[in-house]
Amino acid sequence: MLTHNLGYPRIGINRDLKRLVESYWNDEIDKAKLVESASALRVLHWTKQKEAGLDLVPSNDFSLYDQVLDMTLLLGAIPERYQELYQQENDKINSYPIDTYFAMARGLQDGQHDIQAMEMTKWFNTNYHYIVPEFTEDQTFQCLSSKVFDEYEEAKSVGVVTKPVLIGPVSYLLLGKEKNAPDSFHRLELLDRLLPVYQEILHKLEAMGVDWVQIDEPFLAMDLDAKSKAAFSKAYDVLSEKEDLNILLTTYFEGLGDNTELATSLPVDALHLDLVEAPDQLDPVLNNLPKETALSLGLINGRNIWKADLEKANGTIHQAEQIIGADRLLIAPSCSLLHCPVDLQQETDETALPNEVKRWMAFANQKLEELDLLKKLATNSLSDNEVAKLKDHQADIADKGRSKLVNNEAVQNRMVQLDDSALNRNSPYAKRKRAQQENIDLPDLFPTTTIGSFPQTKEVRQWRADFRKGKLSKTEYEANLKEATQKLIKKQEEIGLDMLVHGEFERNDMVEYFGEHFAGFAFTRNGWVQSYGTRGVKPPIIYGDVHRPDPITVRWSSFAQAQTDKPVKGMLTGPVTILQWSFVRDDQPRSQTAKQIALALRDEVADLEEAGIKAIQIDEPAFREGLPLRRADWDTYLEWAVDAFRIASTVVEDKTQIHTHMCYSEFNDVIEHIARLDADVISMETSRSQMELLDAFVEFEYPNEIGPGVYDIHSPRVPDTKEMVTLLQKAANVLDPQQIWVNPDCGLKTRGWEETLPSLQNMVEAARQMRKKTKSVRT
Ligand code: GLN
Ligand code: ZN
């Protein structure tokens with residue numbers, strides 16, 4: 001029974017890779033130094049994994065930016081616009097054109113060039129983002145970069161024989177997009193041209209003496225059409241023509257489901273299953289697996305931070321062993337450890353992460369220890385020391401189940417009593433609208449507002465840093481924030497906005513801020529996970545029943561409201577977004593945790609209303625990304641996700657206006673659920689698609705109010721009044737003008753005041769012109 005790992009976090013224990021790559025970008029180190037330091041980091045990671053007792057250590061899982069972009073270089077699929085750059089890059093190191101590579105990832109704008117970056121998108125349902133391959137109809141491939149070969153040799157030279165990792169041909173094509181191609185062209189048509197390159201790579205690896213190669217085909221666990229299924233069969237027929245090399249085909253994030261027969265029929269040497277996410281797939285796979293194929297059991301959660309129940313995992317191993325025998329088994333984490341932080345031992349700040357909670361947790365390095373322990377447990381080879389260790393490990397898990405920190409009786413009772421009465425507003429929207437018109441002083445057409453945050457200037461961030469370091473007292477810090485809020489209220493009045501916001505200066509992050517004030521949340525100081533390139537996130541940890549001991553935002557909102565006669569919108573982060581951007585409990589369904597967060601928010605909403613706040617926005621930017629990977633699971637998710645929003649929002653009277661905000665606009669396939677949120681106003685991103693994405697709302701005859709973003713806040717460009725009027729006119733042509741709000745695309749946190757001020761002034765003017773226009777048409 002071999003142990004293996006699908007991938008190791010490459011960022012380094014202190015985010016070393018980020019520092020390294022950014023200092024190269026800033027010209028602080030040269031290419032040779034970058035290459036040398038990256039190599040040192042890889043060696044460290046290989047050694048660490050080998051020392052942890054791992055039988056098969058991965059290589060080529062390291063990346064300076066993204067593993068999909070590395071594949072694009074390996075397969076020679078550099079898009080045309082970077083070709084000149086590539087030809088000119090003379091000092092390629094080991095055939096690796098580092099500058100071209102970074103240009104593809106980030107674009108290149110200097111005196112001589114202005115080349116757009118490749119698109120970036122989410123890696124399945126994780127928070128990792130990859131660089132999307134681009135395919136033209138006449139696309140060709142060639143084995144271009146030698147990274148995968150070099151890293152194998154590099155590891156071997158320090159005494160670690162590795163299992164190189166590749167993304168499989170079908171998933172690689174499916175991850176990409178057709179570019180400048182006729183509609184009739186589909187990227188899977190390129191398979192015939194791509195497979196010879198994979199064959200060449202595998203032959204070369206075989207010639208180098210590689211024993212196992214890991215080929216990732218995550219799409220095998222997704223919904224597949226006939227074309228994709230056929231592509232899988234064809235691809236692996238071709239790739240099975242080799243002699244000594246063993247192919248380990250991996251799937252993760254979902255179960256094989258209706259692709260079970262297909263996956264088990266592929267002529268590979270081993271198949272990996274994610275049994276954490278989809279334990280039910282084990283039986284059908286065991287029943288279908290050909291005699292000569294080995295099975296890799298993904299038993300340790302690669303995407304969460306809790307200790308694994310090793311007794312339970314051992315039970316699964318035995319179940320498989322009885323049917324196919326121990327010789328044909330491998331064990332591993334469920335997916336690459338890229339998605340969890342590096343080392344729990346780094347966490348020493350008890351105020352952020354109490355010891356009591358910490359002992360329930362495991363990061364990447366701890367997960368490798370678990371894997372080793374699990375193998376010894378399964379093969380009856382635990383030393384006395386390890387027996388004791390395992391006993392403690394299991395005791396920690398049992399304690400977690402009983403802990404007072406986790407279980408809060410009041411919360412649990414409230415959950416039991418939760419019924420439909422917590423899901424509905426008092427009256428339907430039409431009636432609420434009249435009450436709100438009376439309660440809230442707004443122009444009756446095209447009211448203007450913003451999404452919540454205003455520029456978080458260096459100064460504001462400095463206050464927070466100084467406060468954290470103790471350089472600024474709490475009183476001083478809050479006085480600064482108050483002054484900033486006060487000034488912002490004045491500024492919004494001067495600009496002429498109708499519904500104001502307090503600016504969110506007190507928040508460093510829209511999820512962390514609420515987590516810090518809720519019970520049931522802990523934080524790490526160094527629990528970074530790569531999000532894209534050199535960017536990381538440090539998700540909060542939800543370990544127990546969630547509730548809100550004290551009001552959170554009421555002070556800030558009331559303070560802001562006291563400065564003005566105009567309505568100030570309260571500002572909260574929604575339950576699904578808080579859930580989605582945290583590490584969550586593994587001892588209850590996500591839906592339960594979402595509803596607990598919703599109840600905590602419900603209390604905050606009630607208090608805001610009580611304090612005289614007339615409109616409350618509940619942001620749900622992550623609502624869509626919570627959608628399950630398999631279509632068949634969508635309805636269940638949408639059901640509880642909408643319920644959670646309703647629990648949070650429906651406590652208010654008719655006269656109080658509930659807003660929500662989403663940072664995107666692909667609503668076609670979920671519009672009826674968006675309508676079921678029953679928010680009085682929804683604001684969203686639409687400017688980049690020139691309002692085209694409003695179609696879903698128009699076709700559905702969305703009844704409530706809509707704020708289609710009229711300018712893109714992701715760029716410093718100042719839009720003029722005319723173009724915003726054009727967009728608003730487009731919206732007014734298809735919606736009832738009574739429904740339309742005027743606002744930017746998203747929060748202004750990352751923008752500077754230089755562009756924010758003129759943009760908002762132009763926006764307010766655009767709304768004025770629209771009001772005039774619409775009224776003159778009517779009279
Ligand atoms: N209210 C938040 C802000 O303005 C919303 C951000 C978001 O949805 N991503 O910053
Ligand atoms: Zn947004």
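Every number for a ligand or one of its atoms is a count from 1 in the order of the listing. Bear in mind that the values here come from a model prediction, so they are computed numbers and not experimental data.
For Thr660 and Glu620, the side-chain atoms include no donor-acceptor pair closer than 3.5 Å. Under the 3.5 Å distance criterion, with hydrogens and angles disregarded, no donor-acceptor pair is assigned to the side chains of Tyr429 and Gln436.
If you take SG on Cys335 and CD on Glu277, they are separated by 9.5 Å, rounding to the nearest 0.5 Å. One finds the CG atom of Leu472 at 9.5 Å from the CD atom of Gln462 (value rounded to the nearest 0.5 Å).
Nearest heavy atom pair, residue Tyr128 against residue Tyr65, reads OH-O, 3.7 Å.
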Identify each donor-acceptor pair in which a side-chain atom of residues 757-764 lies under 3.5 Å from a protein atom, sequence neighbours left out, and give them as a table.
from: Ser759; atom 1: OG; to: Glu755; atom 2: O; distance (Å): 2.6
from: Asn762; atom 1: ND2; to: Pro719; atom 2: O; distance (Å): 2.9

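Classification of Glu765 and Lys722 as a salt-bridged pair fails, no side-chain N sitting under 4.0 Å from a carboxylate O. Salt-bridge annotation for Arg425 and Asp680: present, with a side-chain N of the basic residue lying under 4.0 Å from a carboxylate O of the acidic one.
Considering only residues two or more places apart in sequence or on other chains, Glu625 meets the salt bridge (Lys or Arg N to Asp or Glu O under 4.0 Å) condition with Lys122.
Around the Zn ion (ligand 2), protein N, O or S atoms at less than 2.8 Å number 3.
Contact residues for ligand 1 (protein heavy atom closer than 4.0 angstrom to any ligand atom): Ile451, Gly452, Ser453, Glu504, Met510, Met571, Asp619, Pro621, His661, Cys663, Cys746, Gly747.
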